[in-house]
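Quick notes on the structure that follows.
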Amino acid sequence: PAEFLPTDTPTSAALLSEAGYRTVHLGKWHLTSESKGNNPPQNGFDDNIGGFHAGSPPNGYFCSDGSFGMPNLDCSGDEYLTDALTDEAVDWMGGVDEPFFMNMCFHSVHIPIQAPEKDIQHYEERRSEMGLPANTSDAMDEGTRVIQSNPTYAAMVNHVDQGVERIVNAAENSDRPTIVIFHSDNGGLSTAEGSPTSNDPLAEGKGWSYDGGIRSPTIVRWPGVTDGEVSDELLTTEDLYVTALRAAGVDLPDSGEHPVDGRDVYPAIGGRETDREELYWHYPHYSNQGGTPTSVVRNGDFKLVEFFEDDHAELYNVANDMAEQIDLSNALPEHAQALQARLQLWRDDTGARVPGENPSFSPPDTSPPGRTYTWQPDQIPRRTPDASTHGHDAVVVGAGTHVSGRDGMAIEYDGSTAINLPSSNGLNRITPPLSMGCWVNPADDEGHQPYLARGDAIQIHRTDSGEVGARIQ
């Protein structure tokens, strides 16, 4: 499978450009590798401001030495990235006479969680007035954030809100009927990497197949069509491709060469019911946020999640159980089996790849046991098994510490400062063998939170193939 967006893909930008639209991408692209370089101009966009291989802003959200580290996006002073992209969008619209298509992808609210200090202070005062917890740990429940109280995150959202308002106003002032679609590709980050937001009452968040990870609102402003209605109809990101092209009077690509998964959701946007019965998701990966490989089907009010690690399935009625707390797979086994069969047929039809067991996997050596270290309760994702670990010769580590050891060695974090593992998924290659390096992120209590809490344990282990790693237990 491709690890980038192939240049012959008939993107919405390519098709609209052929139809006489001026097209621009702004912000996050993240659809290529650094070496491949398939950036927006290679995928149909006439103009590109900031789009390249990286997912997070390489220099953070503030201008550094006159640069954000992204193409065609200059800056000065301590300019804030979200505002800079908004400025570019408004200026670009003002210089375009022909019909246009703008793909604005704000990096916010992606990590790192950063915002101007004056805005953070404003929301810190609001947090205090509302009596919300100041510490992330007090906003957590069984590894998932359930209280939205991070002032830096709130400030980031506010800058996005202001940017969208300015873009919509610029479109209105251009005297051209312009469709605006506001959409997110996943739920908020609530179970890892600082857990800066909450999706409560939805379960979990980004990186999971529960609704906290895959259910997000879509807002559409369509002159002559929308008038403040709220629709409960289901749509998926692929629908936006079809709907936008149909709205512009552009034909879809040949389905034989380029199958199209989405559908025109114009009726739903206009407040009418549709005949859609099902939606499917397929995520055969381990996420950075704790999610495991899954497939999902939503059929009416019912949703089935199939887990590839142990082949079990969970069934929820999300109309009655929005938080997905009551698994109905045992109470309604025939319904669960029918949905699982439909999910398998869909995977077969689409050629979806399914993960297999890793024959080289070897669990870490846990005997003879030494001291036992257990995760803090707010660090254990609610749907994972007990996370305790046993090891030998406990070593307490703090800021800037480098530890070397042997298989099974347990390392306890002393809680003195913010230490991050080299990768947030908790399983990392170690160089040199049997050693682990930790580094410190500049952080405050409201900014980028530490991945580890006091008492968290890491264990060094070696696989049968000789690969050495550090696994959060």
Side-chain angles (χ1 to χ4, degrees), residues 11-17 19 21-28 44-45 82 85-86 89-90 92-93 96 98-109 157-188 199 202 206 211-252 260-281 298 318 322:
T11 63
S12 52
L15 296 176
L16 288 168
S17 183
Y21 280 71
R22 184 75 181 179
T23 60
V24 63
H25 171 88
L26 298 101
K28 180 176 178 177
F45 285 92
T82 305
L85 287 172
T86 300
V90 171
W92 185 90
M93 293 168 63
V96 174
E98 59 264 55
F100 67 84
F101 168 63
M102 174 184 292
N103 189 43
M104 164 59 89
C105 298
F106 288 112
H107 291 81
S108 288
V109 285
V157 171
N158 186 52
H159 277 265
V160 173
D161 287 346
Q162 294 173 353
V164 171
E165 180 183 24
R166 290 182 56 201
I167 292 170
V168 171
N169 289 341
E172 290 180 342
N173 294 334
S174 69
D175 295 324
R176 290 176 287 189
T178 305
I179 301 170
V180 180
I181 302 174
F182 184 88
H183 180 74
S184 177
D185 60 346
N186 52 250
N199 303 296
L202 302 181
K206 177 182 178 180
D211 271 8
I214 63 176
R215 178 177 175 177
S216 61
T218 297
I219 304 172
V220 180
R221 175 191 177 276
W222 192 325
V225 177
T226 56
D227 189 26
E229 305 91 350
V230 176
S231 174
D232 293 326
E233 296 295 308
L234 300 177
L235 65 84
T236 186
T237 308
E238 289 86 345
D239 296 337
L240 304 182
Y241 174 84
V242 178
T243 305
L245 292 178
R246 290 274 176 81
V250 176
D251 292 334
L252 296 175
V260 175
D261 293 325
R263 60 190 296 179
D264 186 358
V265 292
Y266 173 84
I269 292 173
R272 300 192 296 277
E273 292 185 1
T274 68
D275 59 355
R276 168 169 270 160
E277 294 182 357
E278 292 179 327
L279 283 178
Y280 295 91
W281 294 260
R298 168 78 183 266
V318 292
M322 179 183 290

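Since the structure is predicted, the reported quantities are computational estimates derived from the model, not experimental observations.
- A salt bridge is defined here as a Lys NZ or Arg NE, NH1 or NH2 lying under 4.0 Å from an Asp or Glu carboxylate O, and Arg246 with Asp251 fails to meet this definition.
- The distance from atom CD1 of Ile181 to atom CG of Leu240, rounded to the nearest 0.5 Å, is 5.0 Å.
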- Worked verdict on His107 versus Leu85 for side chain to side chain contact (heavy atoms under 4.5 Å, CB included): CA-CA 9 Å; His107 291 81; Leu85 287 172; 3.9 Å; yes
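- A donor-acceptor pair under 3.5 Å is absent between the side-chain atoms of Asn186 and the main chain of Lys206, judged by distance alone.
- The shortest non-hydrogen separation linking Met104 to Ala89 is CE-CB, 3.6 Å.
- Annotation for Met102 and Met93: closest pair CE-CG, 3.4 Å, computed over non-hydrogen atoms.
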- Message: Please evaluate residues Val160 and Phe182 with respect to the criterion side chain to side chain contact (heavy atoms under 4.5 Å, CB included), reporting the C-alpha separation (whole Å), side-chain torsions for both, the decisive distance (0.1 Å), and the verdict.
- Response: CA-CA 11 Å; Val160 173; Phe182 184 88; 4.2 Å; yes
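- Atom CD of Glu98 has more than 12 heavy atoms from other residues, nucleotides or ligands within 6.0 Å.
- Within the 4.5 Å cutoff, no side-chain heavy atoms of Tyr241 are placed close to those of Asp264.
- In summary, Asp239 and Arg276 engage in a salt bridge, as defined by a charged side-chain N under 4.0 Å from a carboxylate O.
- For the residue pair Ala248 and Tyr21, the shortest heavy atom distance occurs at CB-OH, 3.4 Å.
- In this structure, CD in Glu238 is found 9.0 Å from CG in Leu279, a value given to the nearest 0.5 Å.
- Rounding to the nearest 0.5 Å places CG of Asn173 at 7.5 Å from CG of Asp175.
- Using a 4.5 Å heavy-atom cutoff, the side chains of Val24 and Phe101 are not in contact.
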For a quick test of your reading: what N or O donor-acceptor pairs under 3.5 Å do the side chains of residues 211-220 make, sequence neighbours left out?
from: Asp211; atom 1: OD1; to: Lys303; atom 2: NZ; distance (Å): 2.7
from: Ser216; atom 1: OG; to: Ser184; atom 2: O; distance (Å): 3.0
from: Thr218; atom 1: OG1; to: His183; atom 2: ND1; distance (Å): 2.7

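- Ring planes of Trp222 and Tyr266: perpendicular class, angle over 60° (limits at 30 and 60°).
- When only modelled atom types and interatomic distance are considered, Ser231 and Glu233 share no side-chain donor-acceptor pair under 3.5 Å.
- Between Val265 and Arg263 there is a side-chain heavy-atom pair separated by less than 4.5 Å.
- Trp281 places a side-chain heavy atom less than 4.5 Å from the side chain of Arg298.
- Residues Ile179 and Ala247 approach most closely at CD1-CB, 3.9 Å, considering heavy atoms.
- Expressed to the nearest 0.5 Å, how far CD of Glu165 lies from CG of Asp161 amounts to 9.0 Å.
- Ala171 approaches Ser174 most closely through the heavy-atom pair O-OG, 2.6 Å.
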- Message: Test side chain to side chain contact (heavy atoms under 4.5 Å, CB included) on Val180 and Ile167; report intermediate values, then the result.
- Response: CA-CA 9 Å; Val180 180; Ile167 292 170; 6.0 Å; no
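- To the nearest 0.5 angstrom, Tyr280 atom OH is 12.0 Å from Asp261 atom CG.
- For the pair Arg221/Val168, a side-chain contact is recorded, criterion being any heavy-atom separation below 4.5 Å from C-beta on.
- Using a 4.5 Å heavy-atom threshold, the side chains of Glu229 and Asp227 count as touching.
- Distance check, rounded to the nearest 0.5 Å: CG of Asp185 to OG1 of Thr236 gives 11.0 Å.
- In this structure the side chain of Phe100 reaches within 4.5 angstrom of the side chain of Thr178, judged on heavy atoms.
- Donor-acceptor pairing under 3.5 Å is recorded for the side chains of Ser108 and Thr82.
- For the pair His25/Cys105, a side-chain contact is recorded, criterion being any heavy-atom separation below 4.5 Å from C-beta on.
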